Amino acid sequence: MSAALKIANFDIAAIRNDFPILSQTVHGKKFVYLDSGASAQKPRAVIDAMVHVMEAQYANVHRGLHWMSERTSDAFEAVRDKTAKFLNAAAREEIVFTRNATESINLIAYTYGRASLNPGDAIVISEMEHHANIVPWQMLRDSHGVELRVAKITDAGEIDFASLEDKFTDGKVKLLAITHMSNVLGTYTPVERLAKFAHERGAKILLDGSQAVVHRQVNVQAIDADFYVFSGHKLYGPSGIGVLYAKREILEAMPPFLGGGDMIASVSYERSTWAKPPYRFEAGTPAIIETIGLGAAIDYVEAIGFPAIAAHERALTDHALAVLSKIEGLHILGSAQDRGGVIAFTMDDVHAHDIATLLDRQGIAVRAGHHCAEPLMGRLGVTSTARATFGLYTTMEEIDALAAGLLRVKQVFA
Amino acid sequence: MSAALKIANFDIAAIRNDFPILSQTVHGKKFVYLDSGASAQKPRAVIDAMVHVMEAQYANVHRGLHWMSERTSDAFEAVRDKTAKFLNAAAREEIVFTRNATESINLIAYTYGRASLNPGDAIVISEMEHHANIVPWQMLRDSHGVELRVAKITDAGEIDFASLEDKFTDGKVKLLAITHMSNVLGTYTPVERLAKFAHERGAKILLDGSQAVVHRQVNVQAIDADFYVFSGHKLYGPSGIGVLYAKREILEAMPPFLGGGDMIASVSYERSTWAKPPYRFEAGTPAIIETIGLGAAIDYVEAIGFPAIAAHERALTDHALAVLSKIEGLHILGSAQDRGGVIAFTMDDVHAHDIATLLDRQGIAVRAGHHCAEPLMGRLGVTSTARATFGLYTTMEEIDALAAGLLRVKQVFA
Amino acid sequence: MSETAELYQTLIMDRTKNPRHAGKPAKFDFEGHGENPMCGDRVHVYVADNGTRVNHESRGCAIMVASAELMADAVAGLTLDEVTERRMAFEAMLNSGTPNPMLGDLNALSGVSEYRSRIRCATLPWSALAEALGGAK
Amino acid sequence: MSETAELYQTLIMDRTKNPRHAGKPAKFDFEGHGENPMCGDRVHVYVADNGTRVNHESRGCAIMVASAELMADAVAGLTLDEVTERRMAFEAMLNSGTPNPMLGDLNALSGVSEYRSRIRCATLPWSALAEALGGAK
Ligand SMILES: Cc1ncc(COP(=O)(O)O)c(C=O)c1O
Ligand SMILES: Cc1ncc(COP(=O)(O)O)c(C=O)c1O
């Protein structure tokens with residue numbers, strides 16, 4: 001029960017203390033938050049950083065010559081450096097701030113997609129994508145005449161490389177857009193191998209890092225990713241801020257997305273010229289306070305360190321798989337070799353909604369539904385599932401509480 | 001000097017106390033913030049609302065069945081109701097949340113623009129638009145073959161209706177996109193008249209309310225606006241949240257903008273179907289904390305009330321125009337009949353940058369540059385100006401400090 | 001498990017596990033469909049024998065199935081106007097959480113009021129019924 | 001107004017108000033242009049008489065004009081390599097705020113280091129000069 005405590009430098013009690021919300025009660029019960037995969041809770045450091053901006057150092061960025069504006073711009077731009085370092089990007093100019101992973105992917109579809117893909121070109125996604133990595137490509141397909149192909153996954157929930165190979169054989173594929181970690185199956189995809197695979201076949205690769213970036217150190221240069229996206233709110237940061245990484249030469253060639261202030265070099269009615277990346281893609285007043293909050297979140301996670309986070313989550317996941325698979329009639333989806341703290345499951349004769357509601361009554365928050373992955377539900381032969389996801393503040397005791405809660409659910413439906 | 005104090009229910013000292021940042025010093029001087037038009041400072045109520053979400057009631061919205069998610073969704077959606085009431089929209093479904101005014105305008109250009117405007121149709125803007133209301137239409141022109149026409153302003157800085165009439169004579173104009181208040185000249189445009197004008201000629205009207213909404217009660221139904229946009233951060237709310245109002249039937253007919261979670265009704269690889277407005281236009285995890293912060297900002301402004309705010313700002317503006325016009329060699333841009341607390345000016349022999357830096361040394365924050373309105377600078381025959389903008393916390397004394405500061409600037413350049 | 005009693009009470013669990021009106025009848029007069037895009041749940045409602053018999057085919061949660069069952073009990077033999085009246089009273093009850101004597105066994109679902117996101121589950125069969133009866137007008 | 005002395009000191013104000021190298025010469029060997037898109041400021045630099053004379057046409061702030069003036073003083077007669085060396089030392093000095101003996105009067109601009117957004121004003125004439133001398137290589 002105390003496996004987590006054995007991890008060096010990882011003091012789970014201290015960590016939980018950093019998150020004010022975790023001491024709340026729900027329906028008079030201890031609050032057990034197993035929905036971090038949808039959005040994570042925020043540590044005091046992030047809250048404080050945002051409050052500090054608003055109380056002591058706020059003005060619009062980039063355009064001001066006065067002290068408050070210069071200081072706010074510095075704090076804002078420092079997060080770009082921090083984010084570049086966090087992903088090991090080659091340059092700060094490769095980091096574009098967006099609202100969330102969804103906007104990051106759409107930005108690529110609207111700019112790179114329309115400018116560099118031609119009718120007849122194909123895009124490949126996998127069967128385990130989130131809607132955010134399906135719908136933008138469908139929209140591009142429908143407006144722009146590119147083809148959208150779906151590579152299969154195996155029954156274990158891993159990328160089926162034979163199917164992938166098959167999708168690439170005619171040489172039409174220009175982009176492989178694929179998740180780094182499934183938000184349903186918990187599968188980590190072999191991103192280095194996928195990047196190499198795509199590049200050898202003349203395609204670029206976009207990785208949806210929404211889930212992965214929270215749990216593992218990401219190194220976009222080692223992966224050789226062309227595009228990498230994630231959301232701040234899943235990384236213990238604020239809502240309203242997301243990240244798009246793209247290789248410099250790709251960004252340089254991309255036309256702008258939204259037009260307005262800050263993304264221009266000059267404006268006349270006849271013709272406007274665009275600023276250099278990343279500013280070309282950041283029109284209007286950015287999410288200043290949220291960007292600074294994201295910086296605090298990155299600092300927080302790095303101070304704990306990914307080795308400790310990963311070890312903790314590994315222990316949680318192993319424990320969860322062990323205790324949940326003992327519950328008769330409970331079925332865990334996916335059994336990838338390399339999987340993390342995202343566990344979706346169904347129970348015989350109990351609908352996922354009812355599981356969620358009955359657990360909620362016990363203070364336990366899990367998600368139920370299609371998890372924005374309807375096509376994957378079809379592939380798995382279910383319409384909805386319950387899902388427990390873990391964060392760095394999740395404890396072994398909470399997993400035991402989940403297991404106990406599920407046994408009570410079974411009783412109600414017995 | 002105490003004109004502001006005469007306004008009923010408007011206790012400027014109490015109001016200033018609500019804004020923690022205003023008690024800061026800059027370069028050892030009292031902080032005099034005259035850059036609210038770029039972005040406003042945040043009252044304690046907004047900061048507290050955001051902290052409360054993160055400390056006590058946070059989860060992702062819409063998709064969760066558990067208590068935290070339901071409560072967060074309720075708080076989030078309550079702001080939609082509040083915003084609808086704030087603008088007097090006919091229905092909550094007419095309020096779409098975006099990042100900022102810039103994104104709101106781009107959303108219209110990408111969806112309404114591409115779906116409802118055809119090559120050969122024309123869009124009219126005015127000579128006093130912010131880049132946010134120029135560049136998206138240029139991009140639409142260049143990608144979509146619509147025509148972009150620019151209606152003149154008078155030397156006083158008002159809409160030139162003769163020129164406007166001229167732009168509409170051939171019947172090709174489908175959209176009039178125009179500011180409700182100039183961020184350089186301080187001019188309020190006659191929005192009811194403009195809406196009637198556009199509608200009588202078969203065009204829709206989009207109003208850029210970024211500046212106006214902060215100073216005046218806006219009633220989109222009384223105006224008969226088709227689209228109305230603004231940013232939260234200028235309304236004493238957080239960054240990262242903006243608003244798009246559009247009439248229901250217009251939104252219903254608009255195709256989606258960004259694809260992903262929450263904006264769909266169903267997803268299959270072949271075909272996805274879209275959610276109803278406003279959700280169709282809100283893909284991915286929204287700016288949850290910021291939306292709730294915006295709600296607190298609206299409450300704050302409404303508690304003071306626009307009659308008091310407008311009276312205070314009227315007094316400030318009158319006073320500023322009086323004291324600044326006494327400074328020899330200082331030229332105020334614009335002299336519209338109906339103008340508000342935005343005052344751009346130049347000084348003989350002193351560049352706007354130098355004005356801003358020398359004022360900053362005295363603790364006074366003003367903006368200097370083209371104010372994201374390069375074409376307007378050309379029209380006015382300047383390349384850049386200094387600009388002082390007022391908020392509800394601005395005092396008469398601060399305006400006097402500005403005037404005194406400008407006299408010192410003159411000394412340095414004497 | 002007292003804390004869930006108010007929602008998953010015996011009547012609801014009983015009717016979910018042992019539905020009396022499930023399945024497609026051989027003959028019917030009207031049919032209607034309801035679907036919740038957020039979770040993929042769906043219900044199909046059949047009205048047969050001059051409005052005296054209502055059946056459903058459901059793929060959904062306990063709340064939805066129990067609601068379909070109790071609805072089928074409640075509306076059998078009612079006039080169109082009476083059905084509309086029941087539906088409105090039912091929805092009001094779900095929102096307020098206050099049982100309404102007129103609703104009889106349907107009041108077993110009053111606990112749903114505490115789960116705003118589950119209200120849709122309880123109303124889905126009624127939307128399907130309304131669609132079916134739209135054809136009856 | 002002591003608090004601004006460090007930036008708007010006599011030398012800078014003097015050269016801004018009474019420029020010695022302003023205007024386009026009748027004959028010149030090279031020219032280069034610098035423009036700051038953020039504010040519309042621009043400077044055009046002319047190199048004449050075998051690199052012994054540098055002139056500028058400026059539309060910009062006091063910092064930019066003074067910088068153009070002091071640059072014209074400083075680089076007259078230098079070799080290309082020496083100009084590059086001065087430029088790098090000048091930019092380093094602007095960033096650090098630490099005067100560098102090699103830079104002479106250019107050190108009058110060291111106060112700019114406290115105004116990060118004004119550094120561009122001071123470096124713009126040097127970009128224009130670099131463009132001009134690009135043609136000299
Ligand atoms: C009139 C006007 N329109 C649009 C904008 C753009 O606002 P934002 O940068 O918040 O999108 C501004 C403010 O910069 C403005 O003053
Ligand atoms: C794998 C994956 N991709 C994309 C997203 C979309 O993230 P967001 O809603 O923050 O844009 C999510 C989370 O919902 C996710 O889990």
Side-chain angles (χ1 to χ4, degrees), chain A residues 20-21 24 26-27 35 38-39 41-42 47 51 54-56 58-60 63-68 99-100 102-103 106 131-132 134-136 138-139 150 231 233 238-240 258-261 264 266-269 272 283-285 287-290 353 356-357 360 365 367-369 372 374-375, chain B residues 20-21 24 26-27 35 38-39 41-42 47 51 54-56 58-60 63-68 99-100 102-103 106 131-132 134-136 138-139 150 231 233 238-240 258-261 264 266-269 272 283-285 287-290 353 356-357 360 365 367-369 372 374-375:
Chain A
I21 204 171
Q24 295 279 325
V26 164
H27 303 303
D35 197 19
S39 199
Q41 299 298 345
K42 319 305 173 201
I47 302 172
V51 169
M54 293 189 270
E55 280 188 356
Y58 180 80
N60 211 329
R63 301 178 213 155
L65 303 175
H66 57 78
W67 192 88
M68 281 285 174
R99 177 175 34 247
N100 51 27
T102 300
E103 191 190 21
N106 279 275
H131 291 166
I134 301 174
V135 183
Q138 288 187 318
M139 289 169 61
V150 186
S231 288
H233 69 93
S239 49
L258 307 184
I264 53 96
S266 70
V267 174
S268 72
Y269 294 126
S272 296
T285 303
I288 300 168
I289 302 160
E290 297 66 36
H353 282 185
T357 297
D360 179 59
R367 193 137 289 240
C372 291
E374 263 188 86
Chain B
I21 204 171
Q24 295 279 323
V26 164
H27 302 304
D35 197 19
S39 198
Q41 300 299 344
K42 320 303 173 202
I47 301 171
V51 169
M54 293 188 270
E55 281 188 357
Y58 181 80
N60 211 330
R63 303 177 211 155
L65 303 175
H66 56 78
W67 191 88
M68 281 285 173
R99 175 174 38 246
N100 50 28
T102 300
E103 192 189 23
N106 280 276
H131 291 166
I134 301 174
V135 183
Q138 288 187 317
M139 289 168 62
V150 186
S231 287
H233 68 94
S239 50
L258 306 183
I264 53 96
S266 69
V267 174
S268 72
Y269 294 126
S272 296
T285 303
I288 299 167
I289 302 161
E290 297 67 35
H353 281 186
T357 298
D360 179 58
R367 192 137 291 240
C372 292
E374 263 189 84

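To find a chain, count down the sequence lines: A is the first, B the second, and so on, and within it residues start at 1. These numbers were taken from a predicted model, which means no experiment stands behind them.
- Residues meeting the salt bridge (charged side-chain N to carboxylate O under 4.0 Å, His left out) test with A/Glu103, sequence neighbours left out: B/Arg99.
- Here the side chains of A/Ile288 and B/His233 are not in contact, with every heavy-atom distance at 4.5 Å or above.
- Contacts between A/Ala356 and chain B at a heavy-atom distance below 4.5 Å involve the side chain alone, from C-beta outward.
- Per-residue counts of heavy-atom pairs under 4.5 Å with chain B were compared for A/Pro238, A/Ala287, A/Ser231, A/Gly369; the largest is that of A/Ala287.
- Using a 4.5 Å cut-off on side-chain heavy atoms (C-beta onward), A/Met68 and B/Gln24 make contact.
- The parts of A/Ile289 that come within reach of chain B are both its backbone and its side chain, each placing non-hydrogen atoms under 4.5 angstrom from that chain.
- A/Asp360 has its side chain out of reach of B/Leu65: every pair of non-hydrogen atoms, C-beta onward, lies at least 4.5 Å apart.
- Here the closest heavy-atom approach between residue B/Gly261 and residue A/Cys372 is recorded as CA-SG, 3.9 Å.
- Interface remark: A/Thr285 contributes backbone and side-chain atoms alike to the contact with chain B (heavy atom separation under 4.5 Å).
- At a cut-off of 3.5 Å, with distance as the only test, a side-chain donor of B/Ser239 or A/Glu290 sits close to an acceptor on the other residue.
- The choice from A/Ala59, A/Ala56, A/Ala368 that makes the most heavy-atom pairs within less than 4.5 Å of chain B is A/Ala56.
- Shortest non-hydrogen contact noted between B/Ile21 and A/Tyr58 is CD1-N, 3.3 Å.
- Among the candidates A/Val51, A/Asp35, A/Thr102, the residue making the largest number of heavy-atom pairs closer than 4.5 Å to chain B is A/Thr102.
- At least one donor-acceptor pair closer than 3.5 Å links the side chain of A/Glu374 to the backbone N or O of B/Val267.
- Of the atoms belonging to A/Glu55, heavy atoms from both backbone and side chain fall under 4.5 Å from chain B.
- Using a 4.5 Å cut-off between heavy atoms, A/His27 contacts chain B through its side chain alone, with no backbone atom that close.
- The two residues B/Trp67 and A/Val26 have their closest heavy-atom pair at CB-CG1, 3.6 Å.
- Remark: the backbone N or O of B/Leu258 is not paired with any side-chain donor or acceptor of A/Asn106 at under 3.5 angstrom.
- No donor-acceptor pair under 3.5 Å is formed between the side chain of B/Gln41 and the backbone N or O of A/Met54.
- Smallest separation of non-hydrogen atoms from B/Gln138 and A/Ser268: NE2-O, 2.6 Å.
- Taking all atoms of both residues into account, the shortest heavy-atom contact from B/Pro136 to A/Gly259 is CG-O, 3.5 Å.
- The OG1 atom of B/Thr357 lies 11.0 Å from the NE2 atom of A/His66; values are rounded to the nearest 0.5 Å.
- By the 4.5 Å heavy-atom criterion applied to side chains, B/Ile264 and A/Val135 are counted as neighbours.
- For A/His131, the ring-ring contact (aromatic ring centres under 6.0 Å, His included) partners two or more places apart in sequence, or in a different chain, are A/His370.
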